[in-house]
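Take a look at the structure set out below.
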Amino acid sequence: MGREVDLLVNYPKTKRDPKQRGEEKTPEDRAIARKFGKEFFDGERRHGYGGFSYMPRFWQPVVPTLQKHFDLKAGTKLLDVGSAKGFMLHDLNELIPGMVLRGVDISEYAIENTIESMRENVSVANAMDLPFDDSSFDVVISINTIHNLERDDCGKALQEIERVSKGKSFITVDAYRSSEEAERMRDWNLTAKTIMHVDEWKSFFDEVGYTGDYYWFIP
Ligand SMILES: C[S@@+](CC[C@H](N)C(=O)[O-])C[C@H]1O[C@@H](n2cnc3c(N)ncnc32)[C@H](O)[C@@H]1O
């Protein structure tokens, strides 16, 4: 069984007020965000990131944690599921030269606007149908992505991550541990379709046969 481990412990914390974000959202905003197009990445704040640009301060502090946990080095094959504009892949490449990096994302906009250094390493694909052979990656990582699928499809995505990895993987998903956190999550959430209590997620991992590591996104 995988381990609950916060590999994003050094990712900078945001200072947003989840309540305020909740009040600003409408069903239309959610529908626009869920297209994962330009509006989600580089449109208005109520539709997503409100501008998604490369900043080394986000992923660079995380890379050493990933490196230590997964023994990443030149030659290690790593897949990022939900790679967005490839910023995590770029920083992995900068700090651990020689890794074999691939990324997939459902967003054509994100793939077309992937950071120059990673353009050749990424392609459009759905997490529930990964275009790779069995056991083709040493490590598969998916940050805040698979919860954007409905529960059954999210299960398929977990099985796909399991299938293409040689056994090492790490995902983060929207979750809560208390009713207060559940309410905060409801206010904060823009795109996720599967949000569960942490214990429900763990049972779900068991049910679908996901054996990789995991942690939670809790606003
Ligand atoms: C919250 S963003 C996270 C991006 C990146 N992993 C990060 O942590 O900065 C979610 C990403 O998942 C992608 N995505 C959503 N549904 C997906 C799916 N079914 N398959 C692959 N990517 C998906 C979106 O386009 C978006 O880039």
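Counting convention: from 1, in listed order, for ligands and their atoms alike. Since the structure is predicted, the reported quantities are computational estimates derived from the model, not experimental observations.
- Both the sub-6.0 Å distance and the 45° axial angle are satisfied by K77 relative to the ring of F137.
- Contact check on D71 versus K73 returns a salt bridge, with a Lys/Arg side-chain nitrogen under 4.0 Å from an Asp/Glu carboxylate oxygen.
- Counting atoms of ligand 1 from 1 in the listed order, those under 4.0 Å from a heavy atom of A125 are 20 (N), 21 (C).
- At the shortest separation from atom 20 (N) of ligand 1 among protein heavy atoms lies A127 N, 2.8 Å.
- Annotation: F40 is in aromatic contact with Y49 [ring centroid separation under 6.0 Å].
- Counting atoms of ligand 1 from 1 in the listed order, those under 4.0 Å from a heavy atom of I143 are 3 (C), 6 (N), 8 (O).
- For ligand 1, the polar-atom distance check finds no N/O of N144 at less than 3.5 Å from any of the ligand's N/O atoms.
- For the pair W59 and ligand 1, a heavy-atom separation below 4.0 Å is found.
- Salt-bridge annotation for R119 and E116: present, with a side-chain N of the basic residue lying under 4.0 Å from a carboxylate O of the acidic one.
- When non-hydrogen atoms are compared, ligand 1 lies under 4.0 Å from the backbone of I106 as well as from its side chain.
- Between K85 and D42, at least one side-chain nitrogen of the basic residue sits less than 4.0 Å from a carboxylate oxygen of the acidic one, meeting the salt-bridge criterion.
- Protein heavy atom at the shortest distance from atom 11 (C) of ligand 1 is T145 OG1, 3.8 Å.
- By the rule that hydrophobic residues join a cluster once side-chain heavy atoms approach within less than 4.5 Å of another member, F58 and I115 end up as members of one cluster.
- For ligand 1, the polar-atom distance check finds no N/O of F52 at less than 3.5 Å from any of the ligand's N/O atoms.
- Judged as a ring pair (Phe, Tyr, Trp, His ring centres under 6.0 Å), the pairs with a partner in residues 74-106 (not counting sequence neighbours) are, in order, F52-F87, Y54-F87, Y54-H90.
- Salt bridge status for E39 with R34: absent, with no side-chain N to carboxylate O gap under 4.0 Å.
- Not one N or O of F36 is nearer than 3.5 Å to an N or O of ligand 1, by distance alone.
- Under 4.0 angstrom from ligand 1, there are no non-hydrogen atoms of A110.
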Steps toward salt bridge (charged side-chain N to carboxylate O under 4.0 Å, His left out) verdict (K156, D153): CA-CA 5 Å; K156 285 184 195 154; D153 291 342; 3.6 Å; yes
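- Nearest protein heavy-atom neighbour of atom 5 (C) of ligand 1: G82 O, 3.3 Å.
- Within the structure, the closest approach of S83 to ligand 1 does not fall below 4.0 Å when heavy atoms are considered.
- Which parts of ligand 1 touch N126 is read off a 4.0 Å heavy-atom cut-off, strictly below it: atoms 18 (C), 19 (N), 20 (N).
- Listed by number with element, the atoms of ligand 1 under 4.0 Å from a non-hydrogen atom of A84 are 4 (C), 27 (O).
- Contact annotation: for L149 versus ligand 1, heavy atoms closer than 4.0 Å belong to the side chain alone.
- At least one heavy atom of F41 sits closer than 4.0 Å to an atom of ligand 1.
- Looking at N144 and T172, their side chains do bring a donor and an acceptor atom within 3.5 Å of each other.
- Contact annotation: Y49 has at least one heavy atom less than 4.0 Å from an atom of ligand 1.
- Remark: ligand 1 and V81 share no N or O pair separated by less than 3.5 Å (distance only, no angle test).
- Set against the non-hydrogen atoms of S107, the atoms of ligand 1 under 4.0 Å away are 25 (O).
- Closest of all the heavy-atom pairs between I161 and S169 is CG2-CB, 3.8 Å.
- Taking the six-membered ring wherever Trp is involved, the centroid distance between the rings of W216 and Y176 does not fall below 6.0 Å.
- Of the listed residues (N148, D153, D105), the one carrying the non-hydrogen atom nearest atom 25 (O) of ligand 1 is D105.
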